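Small disclaimer: the values here were computed from a predicted structure and weren't measured. We use all heavy atoms of the structure for the numbers below, so side chains are in, but hydrogens, waters and symmetry mates are not. Each chain gets a letter, A, B and so on, in the order the sequences are listed, and its residues count up from 1.
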Amino acid sequence: MSAHDIHAGGAHDAHDDHHHDVGPHSTFSGYMTGFVLSVILTAIPFWLIMAKVIEGRTTAVLVLGAFAIVQILVHMYYFLHMNSKIEAGWTLLSTIFTVVFVVIALSGTLWVMFHMNANMMPHHGTPPAASTTPQP
Amino acid sequence: MSELRMNAGAAGAIEPRDYHLAEEPHTANGTALGFWLYLMSDCLIFAALFATYGVLGRSYAAGPTGADLFDLPLVAMNTAFLLLSSITFGFAMLKKQQNQVGATLGWLAVTGVLGLCFLGLELYEFSHLLHQGAGPGRSAFLSSFFTLVGTHGLHVTFGLIWLVVLMLQISKHGLTHENNRRLMCLSMFWHFLDVVWIGVFTFVYLMGVL
């Protein structure tokens with residue numbers, strides 16, 4: 001990893017003025033593959049919901065989530081050119097860190113807030129909360 | 001390091017000493033990594049907004065629900081605009097690689113028009129909601145909705161401003177090294193916004209009407 005870095009840094013001039021050295025090399029077929037895949041991955045969820053194909057709410061949420069994750073991966077790979085090689089893996093590493101952070105933040109928030117809402121619900125059979133009566 | 005010292009000694013006390021390695025290892029393209037880190041920090045902002053929407057998205061306060069408000073054909077059209085603008089930006093990048101200034105500018109213009117269409121449709125949707133009395137003040141659901149979707153729209157707006165400025169730069173100076181670097185950053189920004197929109201149309205609109 002670092003050996004490749006040093007080699008790349010030393011082999012080129014510090015201020016090389018090539019036009020093609022900036023960013024990854026993209027290809028027409030790569031963009032088109034990504035585009036066609038994402039059109040399919042967008043059209044199916046919209047069709048599923050608009051035509052009311054799926055009955056159960058939980059099933060629908062899981063299916064939609066799966067489509068979204070796959071499409072995000074498609075965009076990352078074909079449009080953002082993510083792979084383990086660019087920047088000697090630092091880009092991938094920072095992305096993995098962000099994904100872990102996002103998953104913890106999202107699932108943690110939803111889990112905690114759901115339980116808080118559930119536990120704050122007034123129970124059946126018990127009188128309303130005492131806070132509604134003015135304190136002397 | 002010792003070699004450097006010896007060189008400095010051999011040249012006498014006239015030359016100022018360098019206290020860093022001249023052949024310091026550096027990544028070939030540090031801007032890409034730095035800009036990527038910025039995008040990841042942006043991703044955290046959107047994660048916080050998505051989490052907020054996840055918590056508040058069902059708190060309607062006896063007001064209208066997502067099923068009452070969301071117009072899915074409109075959202076589908078908006079999604080199509082953004083997806084198309086992603087591929088046209090890709091075409092601009094391909095033309096940049098072939099060093100064709102005019103074609104690059106052309107595809108960038110198409111991208112900008114598609115981005116404007118997206119933004120126009122979103123503003124139309126917002127004004128329609130406000131007209132119905134479903135503004136951000138109506139319920140916690142609508143507050144979080146306007147914050148999340150509005151922040152994305154704001155990003156698209158700034159992306160469009162950047163796009164126009166960059167087009168002026170390219171038409172003035174051509175596809176120089178600096179402009180190519182800026183183009184690469186803007187392309188990452190634009191594709192990233194498309195990625196965020198996948199989350200928006202899935203979690204806000206499609207799951208909102210369930």
Side-chain angles (χ1 to χ4, degrees), chain A residues 2 5-6 8-10 12 14-28 30-32 34-35 38-39 41-43 45-46 48-50 57 60-61 64-65 67-68 71-72 75-76 78-80 86-88 90-91 94-95 97-98 101-102 105-106 108-110 113-114 117, chain B residues 23-33 36-37 39-41 43-44 46-48 50-52 54-56 72-73 75-76 79-80 83-84 86-87 89-91 93-94 96-97 99 175-177 180-181 183-185 187-188 190-192 194-195 198-199 201-203 205-207 209-210:
Chain A
S2 58
D5 247 14
I6 292 167
H12 294 283
H15 45 78
D16 41 2
D17 39 32
H18 293 282
H19 284 298
H20 308 299
D21 59 342
V22 185
H25 189 82
S26 34
T27 58
F28 179 75
Y31 275 120
M32 281 320 280
F35 180 67
S38 53
V39 165
L41 289 167
T42 305
F46 269 99
L48 285 178
I49 298 303
M50 286 162 90
R57 187 169 182 277
V61 167
L64 289 179
F67 270 106
Q71 196 182 347
I72 285 173
H75 278 239
M76 298 280 259
Y78 288 105
F79 291 163
L80 286 161
I86 42 175
E87 304 296 333
W90 284 109
T91 311
S94 60
T95 312
F97 169 75
T98 312
F101 190 96
V102 165
L106 280 177
T109 308
L110 294 179
M113 295 309 283
F114 173 77
N117 280 343
Chain B
E23 68 277 17
E24 217 168 33
H26 60 282
T27 52
N29 184 11
T31 310
L33 182 58
W36 186 257
L37 291 180
L39 286 183
M40 291 298 101
S41 76
C43 196
L44 299 186
F46 279 110
F50 271 112
T52 311
V55 169
L56 301 175
L72 282 190
V75 179
T79 308
L83 204 55
L84 276 172
S86 238
I87 189 71
F89 206 119
F91 291 155
M93 294 302 280
L94 291 173
K96 181 216 76 172
Q97 272 177 191
N99 218 4
L175 289 167
T176 58
H177 178 76
N180 282 350
R181 198 182 58 209
L183 255 181
M184 175 200 67
C185 287
S187 105
M188 282 173 15
W190 201 261
H191 292 311
F192 170 77
D194 208 5
V195 170
I198 297 170
F201 81 69
T202 304
F203 294 106
Y205 289 104
L206 292 183
M207 289 185 187
V209 301
L210 283 174

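- The distance from the CZ atom of Phe201(B) to the CG atom of Leu64(A) is 9.0 Å, given to the nearest 0.5 Å.
- The line from CG of Leu37(B) to OG1 of Thr98(A) is 8.0 Å long, rounded to the nearest 0.5 Å.
- Between Phe101(A) and Met40(B) there is no side-chain heavy-atom pair separated by less than 4.5 Å.
- Note: Ser26(A) OG to Lys96(B) NZ = 6.5 Å, rounded to the nearest 0.5 Å.
- At a threshold of 4.5 Å between non-hydrogen side-chain atoms, the residues Phe46(A) and Thr79(B) count as touching.
- Looking at Ile198(B) and Leu41(A), their side chains never come closer than 4.5 Å, going by heavy atoms from C-beta outward.
- Only the side chain of Val209(B) comes within contact range of chain A, with at least one heavy atom under 4.5 Å from a heavy atom of that chain.
- You'll find the side chain of His75(A) reaches within 4.5 Å of the side chain of Leu83(B), heavy atoms only.
- Between chain A and the residues Val55(B), Leu94(B), Leu44(B), Leu72(B), the most heavy-atom pairs under 4.5 angstrom are made by Leu94(B).
- Of all the listed residues (Met113(A), Met32(A), Gln71(A)), the one sharing the greatest number of non-hydrogen pairs under 4.5 Å with chain B is Gln71(A).
- Interface remark: Thr27(A) contributes backbone atoms only to the contact with chain B (heavy atom separation under 4.5 Å).
- For Phe79(A), the parts lying near chain B are the backbone and the side chain together; criterion is any non-hydrogen pair under 4.5 Å.
- Interface remark: Phe89(B) contributes no atoms to any contact with chain A (heavy atom separation under 4.5 Å).
- Residues Phe50(B) and Leu106(A) are in side-chain contact: their nearest non-hydrogen atoms beyond the backbone lie under 4.5 Å apart.
- Distance check, rounded to the nearest 0.5 Å: CE of Met76(A) to NE2 of His191(B) gives 12.5 Å.
- For Leu183(B), no part lies near chain A; criterion is any non-hydrogen pair under 4.5 Å.
- Side-chain contact between Thr95(A) and Trp36(B): present, with at least one pair of heavy atoms (C-beta onward) separated by less than 4.5 Å.
- Among the candidates Gly199(B), Ala76(B), Cys43(B), the residue making the largest number of heavy-atom pairs closer than 4.5 Å to chain A is Ala76(B).
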